[in-house]
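Chain identifiers are assigned alphabetically (A, B, ...) following the order of the sequence lines, protein sequences preceding nucleic acid strands; residue numbering begins at 1 within each chain.
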2 protein chains.
Amino acid sequence: MTDINFSRGPTNPDSQGATSPAPRLAELRWDIIELLFFAYRDFVGDADHELEAFGFGRAHHRVMHFVYRYPGLKVADLLDVLRITKQSLGRVLKQLLDEGYIVQKTGNNDRRQRLLYATPKGEALVAKLAGLQTDRITRALRDINPEGVAAISQFLRAMIDRDDPDKVLEAIFGTGSKKPRE
Amino acid sequence: MTDINFSRGPTNPDSQGATSPAPRLAELRWDIIELLFFAYRDFVGDADHELEAFGFGRAHHRVMHFVYRYPGLKVADLLDVLRITKQSLGRVLKQLLDEGYIVQKTGNNDRRQRLLYATPKGEALVAKLAGLQTDRITRALRDINPEGVAAISQFLRAMIDRDDPDKVLEAIFGTGSKKPRE
DNA sequence: AAGATATGTCAACATGACTGACATAAATTT
DNA sequence: AAATTTATGTCAGTCATGTTGACATATCTT
């Protein structure tokens, strides 16, 4: 049936790269690279299935998530966090507004701003999706002690770029280095 | 300037959900959910930038990666791993074949099969991308002790679905439970 | 009053998914 | 040997989500 050569690792990689730059094949972290790929694939897969029932995609989930988690988020903030263009955001945001998952409120100080808030309907969706993902996370953390959990958190944080952090990342990392007091 | 309400967490979420199912908002792992989002975004971002120089996208990277790592992978295996349709795979695979990053060899036992192998050119690309990602991983693991690293590995493994594992996952997890001896 | 900023929108396009239908060669079953 | 199944490839059309560029409007700042 599956009579394929499935010995792990490339067949003698160093001997084949006749013209390749031979870049430190030994110390590459293939293990973590692949684990991250599969873990993230299944992690987002949980939400993907549920989203189909709503006629939404991942893009809608991301918007709903951050609007729910950071109430009063401005459109510009959302663009920073998601790193997409306003045209892309506009499409999904319009749908979420039209279908009553999100509401806009004009900014108090700056009336140009549209502050975004999740409606109860939106909250329910976000909570449902986060519940599925939390189930997976809780399962995965079950047999890991507090020190291990701390290491996981530290690792994930250290994987994130800290240059030019957006408002959400500032909140997550508690960047108190902007406007120290004043 | 940014005079937005940025207090963490939704404003009293339980009081707003008049009609929502109020699903255990307390114990949701928002922290890990968001860390995974940002960590994965920046993790794949490393490769994305480099891929632009080659005129390739993420799809090409995934194919190259697994073909390099598991030499002699069949097309069908690749479809299982990537969980895409053969039409989608066909497009990127054709490009990679045409441009000399991958070669096909007819299966020895089953001449219908096309076994896939990375060329030196393909190996160089994969190694370059894996190098970038390894740099980030190594940096993130720098201050974590061996027990912590073990916990991270255990966590990522436990995040992955084990029902119906593909050939790559079997290799990663060393599933010796199929055809125990016989 | 002039300029900058925050947001929205129209139009065109690219990538990478998808479905459905169909073709070919080779293996397997009857 | 013939029929069926399997592994792969391909054509054609669609969808979701990203992109660029141009432009409009309201509002804040200078």
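For the atom pair CH2 of A/W30 and OG1 of B/T134, the computed distance is 7.0 Å after rounding to the nearest 0.5 Å. How far CZ of A/F66 is from CG of A/L82: 6.5 Å, rounded to the nearest 0.5 Å.
For B/N145 (side chain) and B/G148 (main-chain N/O), a donor-acceptor pair under 3.5 Å exists by modelled atom type.
In this structure, the CD atom of A/Q95 is 8 Å from the P atom of D/dA16, given to the nearest Å. Going from atom CD1 of B/I84 over to atom P of D/dT8 covers 14 Å, rounded to whole Å. In this structure, CG of A/L82 is placed 10 Å from P of D/dT19, rounded to the nearest angstrom. What separates CG of A/L79 from P of D/dG18 is a distance of 11 Å, to the nearest Å. In this structure, the NZ atom of A/K94 is 16 Å from the P atom of D/dT17, given to the nearest Å. Between B/L89 atom CG and D/dG9 atom P there is a gap of 8 Å when expressed in whole angstrom units. Between the CD atom of A/Q104 and the C1' atom of C/dT7 there is a distance of 9 Å, given to the nearest Å. Summarising the geometry, the separation between CG on B/L73 and C1' on D/dT8 is reported as 14 Å, rounded to the nearest angstrom.
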Exercise for review: Treat primed atoms plus P, OP1 and OP2 as sugar-phosphate and everything else as base, then score nucleotides 22-30 of chain D 5' to 3': B for base contact with protein heavy atoms under 4.0 Å, S for sugar-phosphate contact only, - for none.
Suggested key: B---BBS--

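Five base pairs at each end of the helix from C/dA1-D/dT30 to C/dT30-D/dA1 define two local axes, and these are offset by 20° (rounded to 10°).
Between the base of D/dG18 and the side chain of A/R91 there is a donor-acceptor pair shorter than 3.5 Å.
Take B/D161 and apply the salt bridge (Lys or Arg N to Asp or Glu O under 4.0 Å) test, not counting sequence neighbours, and it matches A/R136. Residues satisfying the salt bridge (Lys or Arg N to Asp or Glu O under 4.0 Å) criterion with B/D166, sequence neighbours excluded, are absent altogether.
Classified by interplanar angle (parallel below 30°, tilted 30° to 60°, perpendicular above 60°), the ring pair A/Y101/A/F56 is perpendicular.
For the contact set between residues 43-64 of chain A and DNA chain C, defined by any heavy atom under 4.0 Å, there are no members.
Applying the salt bridge (Lys or Arg N to Asp or Glu O under 4.0 Å) rule to pairs touching residues 97-108 of chain A yields A/K94-A/D98, sequence neighbours excluded.
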Point to revise | Candidate pair A/K167 and A/V81, rule side-chain contact (heavy atoms from CB on, under 4.5 Å), full reasoning | key: CA-CA 7 Å; A/K167 298 203 92 60; A/V81 175; 5.8 Å; no

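Ring centroids of A/F43 and B/F155 are separated by 6.0 Å or more, keeping the two rings apart.
Screening A/R162, A/R157, A/R83 for a salt bridge (Lys or Arg N to Asp or Glu O under 4.0 Å) with B/D42, the sole residue that qualifies is A/R83.
Side-chain atoms of A/H65 and B/E34 include a donor-acceptor pair closer than 3.5 Å.
For A/T85 and D/dT19, the shortest distance from a side-chain N or O to OP1 or OP2 is below 4.0 Å. In this structure, A/S88 reaches the D/dT19 phosphate: one of its side-chain N or O atoms is under 4.0 Å from OP1 or OP2.
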